[in-house]
Amino acid sequence: MGNVAVELVEGDITSLEADAIVNAANRWLKHGGGVALAIVRRGGHVIQEESDEYVRRHGPLPVGGVAVTGAGRLKARYVIHAVGPRFGDPRGDELLAAAVRNSILKAEELGLRSIALPAISTGVYGYPYRRAARIMAKVLKEVAPRLRSVERVIVCLYGDEAYRVFEEEFSKALSG
């Protein structure tokens, strides 16, 4: 996609080398489960402390919004916390697209070269993999031409089923 390499990987986002990793967060940036908990466990409690400070200063994030903290002991420089919607929200697809778009554009704003995203909203928020993959691929196609600093987008999927579905959808959407 132009100057942007898109990679799908199966594994643990907390072990990836990227300038920023995206956390599938809740509005209050309380990292108590899923990807969020894994990030704090590996990166250190400083990530939760910075998140708490962000919410104290700015209030809870809107669904589709993002916030940035340091990455503690992670290989990344930053964690971009993105709030995805719950499946079934009438504006869910639009809000999921916003969470993905805002994450990538925040990396661009920070002048970063690489960003790793999980399958936002597919865990406890219940989004089906196929639908989330289509939305993410569409957003990547839309924003890639506008990116100047971001050269590499890694989509990190947890589990074989997620990887297989994203691979199918991305190859359909991003080929050509």
Side-chain angles (χ1 to χ4, degrees), residues 1-25 31 34-43 47 64 66-85 93 95-125 127-176:
M1 283 194 323
N3 294 333
V4 180
V6 176
E7 301 169 36
L8 295 180
V9 299
E10 182 186 349
D12 177 357
I13 197 168
T14 67
S15 65
L16 293 181
E17 291 195 34
D19 292 332
I21 64 170
V22 175
N23 172 29
H31 312 310
V35 172
L37 182 58
I39 287 170
V40 170
R41 279 190 176 146
R42 180 162 282 182
I47 297 169
V66 299
V68 180
T69 65
R73 296 185 304 265
L74 298 173
K75 294 176 185 175
R77 292 169 41 203
Y78 300 99
V79 177
I80 298 172
H81 305 274
V83 181
D93 290 4
L95 293 168
L96 180 53
V100 173
R101 182 181 308 106
N102 290 334
S103 296
I104 296 167
L105 294 178
K106 181 56 75 174
E108 179 73 13
E109 180 186 313
L110 293 168
L112 306 181
R113 295 179 64 201
S114 59
I115 181 173
L117 297 104
I120 298 169
S121 287
T122 62
V124 295
Y125 283 10
Y127 248 84
Y129 292 137
R130 195 162 303 283
R131 192 164 183 161
R134 287 178 184 150
I135 291 166
M136 190 177 282
K138 183 179 176 189
V139 170
L140 285 166
K141 270 181 103 160
E142 168 204 316
V143 301
R146 302 190 322 225
L147 300 177
R148 298 294 169 256
S149 67
V150 175
E151 301 170 346
R152 185 170 166 235
V153 176
I154 306 154
V155 179
C156 186
L157 303 154
Y158 189 75
D160 183 58
E161 181 189 357
Y163 181 84
R164 185 181 43 73
V165 170
F166 270 72
E167 187 176 46
E168 284 173 21
E169 292 302 324
F170 272 48
S171 65
K172 279 190 260 182
L174 303 179
S175 61

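Residue numbers start at 1 and run along the sequence shown.
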Are there over 12 heavy-atom neighbours, none belonging to R41, within less than 6.0 Å of that residue's CZ? no
Does any N or O in the side chain of Y125 come within less than 3.5 Å of the main-chain N or O of V83, such that one atom is a donor and the other an acceptor? no
Nearest heavy-atom approach of R148 to E108 is N-OE2, 2.7 Å
With no hydrogens and no angle check, is any side-chain donor or acceptor of S121 less than 3.5 Å from a backbone partner on P85? yes
Which atom names give the shortest non-hydrogen contact between A119 and L157, and what distance separates them? CB-CD2, 3.8 Å
Run the numbers on I115 and K106 for side chain to side chain contact (heavy atoms under 4.5 Å, CB included), then give the verdict. CA-CA 10 Å; I115 181 173; K106 181 56 75 174; over 6 Å; no
Apply side chain to side chain contact (heavy atoms under 4.5 Å, CB included) to residues E142 and K138 and explain how you reach the verdict. CA-CA 6 Å; E142 168 204 316; K138 183 179 176 189; 5.6 Å; no
From CZ (R164) to CD (E169), nearest 0.5 Å: 10.5 Å
Has N102 got a side-chain atom pairing as donor or acceptor with G64's backbone, closer than 3.5 angstrom? yes
Of the non-hydrogen atoms in A82 and A99, which two are nearest, and what is the gap between them? CB-O, 4.1 Å
Member of K75, R152, E151, R113 meeting the side chain to side chain contact (heavy atoms under 4.5 Å, CB included) criterion with D19: R113
Student check: side-chain heavy atoms of L147 and N3 closer than 4.5 Å: no
Are side-chain heavy atoms of D12 and R42 found at a separation under 4.5 Å? yes
What one should report as the nearest heavy-atom pair of A173 and A137 is CB-CB, 3.6 Å
Heavy atoms of N23 and A36 approach each other most closely as OD1-CA, 3.1 Å
If I take atom CE from residue M136 and atom CG from residue L8, how far apart are they, to the nearest 0.5 angstrom? 9.5 Å
Quick one: does D93's side chain get under 4.5 Å of R134's, heavy atoms only? no
Tell me if a side-chain donor or acceptor on S149 pairs with a main-chain N or O of L112 at a distance below 3.5 Å. yes
Report the relative orientation of the aromatic rings in H81 and H31; use parallel for angles under 30°, tilted for 30 to 60°, perpendicular for over 60°. parallel
On a heavy-atom basis, the closest approach of V22 and I39 is O-CD1, 4.3 Å
Out of I154, V155, V35, L74, which residue meets the side chain to side chain contact (heavy atoms under 4.5 Å, CB included) rule with I13? V35
